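The structure appears right after this line, and notes come after that.
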Protein chains: 2
Amino acid sequence: MPYDPSAFPPFAVTVDLVVLTVRRHALCALVVRRGEPPYQGRWALPGGFVRIEEDLGAAAARELTEETGLRVQGPDDLHTGAHLEQLATYGDPGRDPRMRVVSVAHLVLAPDLPTPTAGGDADSVRWAPVDALLPSGGGPDRSGEQPALLAFDHSRILADGVERARSKIEYSSLATAFCPPEFTVGELRRVYEAVWGVALDPRNFHRKVTGTPGFLVPTGGTTTRQGGRPAQLFRAGGATVLNPPMLRPEV
Amino acid sequence: MPYDPSAFPPFAVTVDLVVLTVRRHALCALVVRRGEPPYQGRWALPGGFVRIEEDLGAAAARELTEETGLRVQGPDDLHTGAHLEQLATYGDPGRDPRMRVVSVAHLVLAPDLPTPTAGGDADSVRWAPVDALLPSGGGPDRSGEQPALLAFDHSRILADGVERARSKIEYSSLATAFCPPEFTVGELRRVYEAVWGVALDPRNFHRKVTGTPGFLVPTGGTTTRQGGRPAQLFRAGGATVLNPPMLRPEV
DNA sequence: TCTGTTTATCGTCAGGCAGACGACTATGAT
DNA sequence: ATCATAGTCGTCTGCCTGACGATAAACAGA
């Protein structure tokens, strides 16, 4: 196809955000309530248009800050900000009834936060457990599937983001992105348990994470904020890949 | 940000294709020679504009067929066509000097083919070993890095696609997408060796792949097309994930 | 025909790692 | 003081993998 600059079809390009955190032993996603049609009053993923001179990742980081006040992890503050990565792009011609919109979805993993009411109005943005947003999260049996709870194709995007997070903490140290800068082995285990929805053996988990070089770095301090015996505090180490991986239990 | 349909910035949306195959023990990518500026005469990944009423995956499949004659694996012909999946989206404002182009890159894994001269003119499209296209394929030492050989940011896209293929054959049965419909264990092993650039022990490899349920299904036939003792022929089984995975050797 | 070469396939053995689970430690709550 | 809670250290067993020996079945060439 010869190049014809005057003939390219114009698209709207947006970023949508799957922002995940762990609150009260549950994996939660950030959702905003739509104030206008279509899907008025329904919950949706945060997002917005990409500006004409803006990189995709920068647009995602900007939308994140605008809607939640979260900052993205930079090269400096390696253990404070949230982790952001591109997830996938959704461009079905019918996904937005108004016009042709191609949305570059991004995945954000953030530690638990007081409450996400930074940019927009307070009660139109909130954390929702993903189990409530994706009812058929279980097996491959899709019979009796409920209609999607989220606007547009956002249920699909959320499901893809959750699955990415679930698989990525297997072979990377990304689970620490859900934790505060200093955390205990038990807190990290509860992250895995919430994201995977399973119970893990505390002893085997402790052996695995403390035995993986570069995963955890002890800070020297201890804490009893979880009750029980004081636990050592750790920071995330420099390792980004876990080899061998921490496989989630089957069945 | 309130929605304003008359104010969204218009983008051009394209698909770019990382088409990989294994030829003569080497991982090769499909490249086309550019006939017009910018980057006239340079090699680039195949691709083109997404049509205004066309899904992203459909656009990728269409471009693939137009430029190579390859057909994508459908639900019917499960073992003939090529595997296609979305790779990532590249939208840096400066990636195309002419205008703002957002490219949704796709990854295609195809069996070795006679020659890819279906659509365009013959000598402007060819298979090139990825080692030649990505000289610094080795370690993290990026000093003395050569300028990119491919046009635009296509070297980056190709590198991402190659890395995706290398990691994905670890934990999925996708390596069979590089093989003809019927293949031997040795041929499958040579695929792994070419993609990873390593030598694998034939005995351990044979034990692993034949012992993974659902990976390979014997057809009953044998072949000597590789020389030596006749080898059993297999088809790809129904399994898509390999558990435990086939980890590539370290070091 | 015999021998060497190539590829395929089966076995053996030792080390590493994960799951199951016992035992002990150090806090706070009652 | 006792209990409940959570953390940490060990043990044992079975599975998987890497290293490698041995055999089998074809072809090429002397």
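In what follows, chains are A, B, ... by sequence order, proteins preceding strands, each numbered from 1. Because the structure is a prediction, the values reported are computed rather than measured.
- We find that CG of B:L233 is positioned 15 Å from C1' of C:dT9, with the value rounded to whole Å.
- Remark: the backbone N or O of A:R23 is not paired with any side-chain donor or acceptor of A:H25 at under 3.5 angstrom.
- Residue-environment remark: CZ (A:R24) stays at or below the threshold of 12 foreign heavy atoms within 6.0 Å.
- A salt bridge links B:E163 and B:R248; the closest N-O separation between the charged side-chain nitrogens and carboxylate oxygens is under 4.0 Å.
- Residues from residues 197-212 of chain B lying near DNA chain D, meaning a heavy-atom separation below 4.0 Å, are B:D201, B:R203, B:N204, B:R207, B:K208 in numerical order.
- The interatomic distance linking B:Q232 (CD) with C:dT7 (P) rounds to 18 Å, in whole Å.
- For the 3.5 Å distance criterion, the side chains of B:D160 and B:Y90 qualify, holding a donor opposite an acceptor.
- Side chain of A:Y192 to main chain of A:V198: no donor-acceptor pair is present (N/O by atom type, distance under 3.5 Å, no hydrogens or angles).
- Taking a cutoff of 4.0 Å between a charged side-chain nitrogen and a carboxylate oxygen, B:E182 and B:R235 do not qualify as a salt bridge.
- One atom, CD of B:E193, and another, C1' of C:dT7, lie 13 Å apart when rounded to the nearest Å.
- If you check residues 182-191 of chain B against DNA chain D, you find no residue with a heavy atom closer than 4.0 Å.
- Between the side chain of A:R229 and the base of C:dA26, no donor-acceptor pair of N or O atoms lies under 3.5 Å.
- Taking atom CG of A:N243 as the reference point, atom P of D:dC16 lies 18 Å away to the nearest angstrom.
- When each of C:dA8, D:dA26, D:dG7 is scored by its nearest atom to the side-chain atoms of B:Q226, the top-ranked nucleotide is C:dA8.
- Residues A:R126 and A:E67 are not paired through a salt bridge, judged by the lack of any N-O separation under 4.0 Å between the basic side chain and the carboxylate.
- Summarising the geometry, the separation between CD on B:E170 and C1' on D:dT17 is reported as 14 Å, rounded to the nearest angstrom.
- Although no hydrogens or angles enter the test, the distance criterion places no donor-acceptor pair under 3.5 Å between the side chain of B:S124 and the main chain of B:R33.
- The nearest heavy atom of DNA chain D to B:L247 and to B:G227 marks one nucleotide each, and the one closer to the 5' end goes with B:L247.
- Looking at B:T65, its side chain does come within 3.5 Å of a backbone N or O of B:L70 through a donor-acceptor pair.
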